[in-house]
There are 2 protein chains.
Amino acid sequence: MSNDTTGSRTGASAPRRIRTDARRNVEALLDAAKTVFGTSGVDAPAKEITDLAGVGVGTLYRHFPQRSDLIKAVIEREIDACADAAPALAAEHPPGIALARWLERLAAFVVTKRGFAAALHSGDPAFDGLSGYLMEKLGPALGSLLDAATAADEIRAVVSSQDLLYAVAKLCAPLPDEEPDYGRRMVALLVDGLRSIDTQR
Amino acid sequence: MSNDTTGSRTGASAPRRIRTDARRNVEALLDAAKTVFGTSGVDAPAKEITDLAGVGVGTLYRHFPQRSDLIKAVIEREIDACADAAPALAAEHPPGIALARWLERLAAFVVTKRGFAAALHSGDPAFDGLSGYLMEKLGPALGSLLDAATAADEIRAVVSSQDLLYAVAKLCAPLPDEEPDYGRRMVALLVDGLRSIDTQR
DNA sequence: TATAGTTCCGGAAAGAGATTCCGCTTCACT
DNA sequence: AGTGAAGCGGAATCTCTTTCCGGAACTATA
C-alpha cells in the first residue's frame with residue numbers, strides 16, 4: 001500500500017513514462033499537421049492529417065481534443081525551432097550578422113506561416129498565451145543576440161528585445177494586397193538602422 | 001423580338017430591378033450576421049443567423065453562397081458606415097477635433113471587430129481585396145479630414161492618409177496579451193503628435 | 001523472459017452542421 | 001388582373017467532427 005508503483009523519484013506527478021509509440025504518434029501528427037496546414041489551411045479535414053500521419057482519427061483526438069490544441073502545438077514547435085537557431089547562428093557569425101540572420105529567420109517564419117498571424121488575431125481565447133509563449137521563448141534568445149551585438153559595438157543600444165519582437169510580429173503580419181515581402185523589407189530596414197553606428201554622430 | 005423586355009434605359013446590364021423583399025432579406029441577414037458574429041464569433045452556426053433574421057437557410061445561401069461572402073459584406077458595410085461618419089464630424093467640429101474623433105471611431109471599429117483583423121490576416125484568398133476596399137473607401141474620407149485640418153493649421157502635414165490608415169489598422173490589431181487599449185492609446189499618441197504644432201519650432 | 005496491468009490504438013457509429021434542391025409564393029411589369 | 005421570373009422555406013443530403021470501446025502494444029516487475 002505504501003509502495004510507489006513506479007519507483008520514480010519524481011513522485012505523484014509522473015506515475016509512468018510516456019509510451020514510446022504514443023510519443024512517436026504525436027510527432028507524426030505534428031509533422032503531418034504542419035504539412036497539411038501549409039497546403040490546405042488550418043481548417044483542413046482531420047482525416048487528411050491522420051492519413052498523412054498514418055494513424056486513426058481516434059489517436060488525433062486522444063492527443064489533441066480541440067483543433068486549437070493541435071494548431072497551438074504546431075506553432076509552439078516552430079517557435080522552439082526558431083529559438084534553438086539562435087545559439088548556432090551566434091557561434092557561426094559575428095554578433096551583428098548573427099542578429100540580422102536570426103531576425104531574417106523570424107520574419108520568414110511569421111510571413112510564411114499565415115496560420116500564425118491568423119491564430120494570433122483570431123480573438124479565440126484558446127490562443128491566449130500564444131504571444132506569451134512567443135515572448136517567453138524568443139525574448140531570451142533575441143536578448144542574448146542583442147546583448148552580444150551591443151557589447152561588440154555593432155549596433156546601437158536603442159531597443160529592447162520585446163520592442164523588436166513585437167515590431168517584427170506586427171510588421172510581418174501582412175495585409176493581403178501588400179507586396180509579399182513588405183514585412184521582410186521593413187525588418188531589414190530596421191536592422192540596417194540599428195547597425196548604422198558609423199553614420200551616427 | 002426587337003423589344004427590350006424591361007424598357008430600362010441602362011440596357012443589357014440591368015434586366016430587372018432587384019425585388020424589394022430580396023433586398024429586405026439581405027439587410028436582415030447582414031444585421032443578424034453582425035450581431036451573431038459579435039456574440040458567437042464568425043464561425044457561428046448558420047441557423048443562428050437565419051433564425052435571428054427570420055428567414056430560411058436557403059435564403060442565406062442564395063445571397064451569400066460562401067461564408068466568406070457574408071463576412072466580407074458585413075465588414076464592408078462597417079467600413080462604409082465609418083466612411084459616412086466623416087462628413088458629419090467635419091460639419092460639427094473644428095477640423096483638428098473632427099480628425100481626432102474620426103480616428104477614434106476607426107480605432108474602435110478595428111479593435112472591437114476581432115473578425116476584421118482575423119479576416120485580414122487569414123490568408124484566405126476569399127478576403128483578397130478587403131484591404132483594397134478599405135483604402136478605397138476610407139482613404140478619401142480620411143484624406144479630406146486631413147486636408148482640412150492641415151489647411152486650418154491644426155496639424156502638421158507629415159503623413160499621408162494611407163500612412164495613417166495602415167498605421168491604425170496594424171497598431172489596433174491587438175496581440176491577445178496586450179493591454180486591451182494599447183492600439184487606441186498608440187493612435188491617440190499619434191494624433192497628439194500630429195497636432196503638436198505649437199511645441200514645434 | 002513471462003506475466004500483469006496499463007495505456008493507447010483504430011475505425012465504426014453517432015452527432016452536428018453545412019449545402020443543395022425543388023415545389024410553392026411573391027413580386028414587377030404590362 | 002394576368003403572366004412569367006425571382007425568390008422563398010425547409011426537408012433531405014452530404015461532409016466533417018467527435019465519441020466510444022474491444023483489442024493490441026507497451027512498461028514494469030518477477
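First the proteins, then the strands, lettered A, B, ... as listed; each starts at 1.
- In this structure, Lys47(A) places its NZ atom 17 Å from C1' of dT19(D), rounding to the nearest Å.
- Heavy-atom nearest nucleotides on DNA chain C were determined for Arg62(B) and for Asp43(B), and the one closer to the 5' end corresponds to Asp43(B).
- Of the listed nucleotides (dC8(D), dT19(D), dC9(C)), dT19(D) has the atom at the smallest distance from the side chain of Tyr61(A).
- Interface remark: the Arg19(B) side chain does form a donor-acceptor pair with the dA6(D) base, using a distance-only criterion of under 3.5 Å.
- Not a single donor-acceptor pair under 3.5 Å links the side chain of Thr59(A) to the backbone N or O of Val55(A).
- Relative to the side chain of Pro45(B), the nucleotides dG10(C), dA18(C), dC9(C) differ in distance, and dA18(C) lies closest.
- Closest approach to the Thr20(A) side chain among dC8(D), dC26(D), dA18(C) is made by dC26(D) (side chain taken as heavy atoms from C-beta onward).
- In this structure, of dC8(D), dG9(D), dC8(C), it is dC8(D) that holds the atom nearest to the side chain of His63(B).
- Residue Ala46(A) is the one, among Ile18(A) and Ala46(A), whose nearest nucleotide of DNA chain D lies closer to the 5' end (criterion: closest heavy atom).
- Atoms CZ (Arg24(B)) and C1' (dT26(C)) sit 10 Å apart, rounded to a whole Å.
- Within the 4.0 Å cut-off from OP1 or OP2 of dG7(D), not a single side-chain nitrogen or oxygen of Asn25(B) is found.
- Counting to the nearest Å, the P atom of dC26(D) and the CZ atom of Arg23(A) are 15 Å from each other.
- Between Phe64(A) atom CZ and dT18(D) atom P there is a gap of 15 Å when expressed in whole angstrom units.
- Look at CG on Leu29(A): it is 13 Å from C1' on dC8(C), rounded to the nearest Å.
- Here the C1' atom of nucleotide dG9(D) and the CG atom of Leu60(B) are 13 Å apart, to the nearest Å.
- Comparing dC27(C), dG7(D), dA12(C) by their closest approach to the side chain of Ala22(B) singles out dG7(D).
- On a pure distance criterion of 3.5 Å, no polar donor-acceptor pair joins the side chain of Arg67(A) and the base of dT17(D).
- Atom CD1 in Ile49(A) sits roughly 12 Å away from atom C1' in dT17(D) (whole-Å rounding).
- Closest approach to the Thr59(B) side chain among dG9(D), dG10(C), dT20(C) is made by dG9(D) (side chain taken as heavy atoms from C-beta onward).
- Atom-to-atom, CG of Asp69(A) to C1' of dT17(D) comes out at 15 Å; the value is rounded to the nearest Å.
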Candidate pair Leu89(B) and Ile97(B), rule side chain to side chain contact (heavy atoms under 4.5 Å, CB included), full reasoning: CA-CA 9 Å; Leu89(B) 286 173; Ile97(B) 307 288; over 6 Å; no
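- Salt bridge Arg77(B)/Asp84(B): absent, no basic N to carboxylate O contact under 4.0 Å.
- A salt bridge is defined here as a Lys NZ or Arg NE, NH1 or NH2 lying under 4.0 Å from an Asp or Glu carboxylate O, and Asp128(B) with Lys72(B) fails to meet this definition.
- For the residue pair Asp69(A)/Tyr61(A), the side-chain donor-acceptor check at 3.5 Å is not satisfied.
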